[in-house]
Amino acid sequence: MNKKTLIYNIFLLISSGFLVKALGLFNKIFLTRILGQEGISLYILAYPTIMLFTNLSSFGLKESISKLVSDQLILDKPLKSIIIKSIKISIFIILALSIILLISSPVIAKSLGEESLKILFLTSIPLIVFVSLGGILKGYLSGIKRLDIIAKSQLYEQIIRIIFSLALGLYFIRFSILHAVFFTLISLSIGEGFSFFYLVYEISKITKFNKPYIKNDNDYKRILNISFPIFSSKIISSISLFLEPLIYSLALKKIGLSSKIINESFGIFNGYALSLLTLLTFVSMAIFQGIFPNLTDSIFKKDYQKSNKIINLTLGINFFFSSFLMIIIYFYSKELLIILFDNSSGYLMSKNISVLFVLYYLLITLNGILVISKNTFSLVKISIMSSIIRLLLIYILSINPDINIFGLGYALLISLIFNFILSYEEIKKNLNFKLDYKLFISLGMLYFLGFLTVGFLNSNLYLSIFLLGILYLLFLLKSYHKYYAK
């Protein structure tokens, strides 16, 4: 992939990601108004469990297929065996997870203290099907470097999901809050289903498996060697997310807070504060998807000089965008939440952890690199340790009356720092990675100068964004030739 194509793909993915994010925010704003505080808290309580099962349904097949298809194309070997075997694995996962969900949903709902949740959990069954099979299609398209189709499918999915989410929410709110929440969750499956059939249509137009099918049972092992550690890591992360509200609730009840306050504070952190902090996730994801083919090729060929350059540039771009956002959140989190959600709840939660939250964006790249370098077992090890630390800290910090509801955010931040250090060390060891200290010292100084500028001016939100934007643009123009043109 040449430089022009690479930039085009990244631009396309960022543009579609921006539209998806903007539409998602639009959807969330109107959902919070349609469902109200009670409805959105119910939605947030159900969401981690639904995401647990949908994340498990992907089984890491997207990453695995993308990596293997890319390798097969470099070696000019057939792809059909890998695709067929991945579909067989996917069908088994879908059946297993659907059965587990049907059996466990009443138990999970009871443990969360909300019986109505068991009905909401069932909305994830069709989602499991489309996410699992759709992941294979996206992995294949990523492997053959057709990122434009993936970008379009994500945009179409979001548009369809929002249309049905708002329409069904508005219609069924007249019956009850539970009805409205149920059908807004169903819209997730409708959007994912539309995306899946679009991908099938596009792949049928561009792909001809002309090479003969060669049965190779070793392909199962190749797929599982990459996908199973990713799957294990997702299990650990999802179980951690599932346990969070239980541990958080247990700790806060110990210091005398009511279930209503606990549920609302958990919903506020995840629905408002964390949504604000992760606002630019789509940028990090788009950049990584864009450089994925080039980085895969360089690592496969053991061209570590090229991979070093790509990794440093990717981390630098992520730091650049995320640091800009964190400065604005630190000084104007209240104003941003009112603009986005018509609600300032959670502004202190987001402000308190914003300065170091840039690590979250860098971790997106680092975790992806661990997958590409087939160092996925390290990903599992890191995921286990950081999840244990996070859960322990949620309890230890939340039970402290001086910290209480803010314990959730501080625990997340500390686990991010720990995760970042371990992931960085693994990549440094396995890929002979050398950090471009000059670049990151410059970015650190920019971050510090940005804080000083906005803090000193003490102006309104829009003027601060404008002036900070000029500062960042000047840095970008100065750095362009040095870090890109070469």
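Predicted, not measured: the structure shown is a model, and the values here were computed from it.
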Just wondering, do V380 and I384 contact through their side chains at under 4.5 Å, heavy atoms?
yes
Can you confirm whether L274 sits close enough to L412 that some side-chain heavy atom of one is under 4.5 Å from a side-chain heavy atom of the other?
yes
Any donor-acceptor N/O pair, [X] side chain to [Y] backbone, under 3.5 Å:
X	Y	value
T453	L449	yes
S240	I236	no
Y347	I329	no
S350	A273	no

Summary of side-chain hydrogen bond (donor to acceptor under 3.5 Å, both in side chains) pairs that have at least one residue in residues 326-339, sequence neighbours excluded:
Y332-S464
Which residues pass the side-chain hydrogen bond (donor to acceptor under 3.5 Å, both in side chains) test with Y360, not counting sequence neighbours?
T281
What residues form a side-chain hydrogen bond (donor to acceptor under 3.5 Å, both in side chains) with Y472, not counting sequence neighbours?
S323
List the residues meeting side-chain contact (heavy atoms from CB on, under 4.5 Å) with K434, not counting sequence neighbours, and say none if there are none.
N308
Taking salt bridge (charged side-chain N to carboxylate O under 4.0 Å, His left out) as the test, write out the residues that go with E264, two or more places apart.
none
Within 6.0 angstrom of F451 CZ, more than 12 heavy atoms from elsewhere
yes
Is the count of non-hydrogen atoms from other residues, nucleotides or ligands lying under 6.0 Å from F164 atom CZ greater than 12?
no
Show every donor-acceptor pair shorter than 3.5 Å between a side-chain atom in residues 392-403 and any protein atom, with sequence neighbours excluded, or say none if there are none.
| unit_1 | atom_1 | unit_2 | atom_2 | d |
| --- | --- | --- | --- | --- |
| S398 | OG | I394 | O | 2.6 |
| N400 | OD1 | D402 | N | 2.9 |

Is it the case that S415 and N419 place a side-chain donor and acceptor less than 3.5 Å from each other?
no
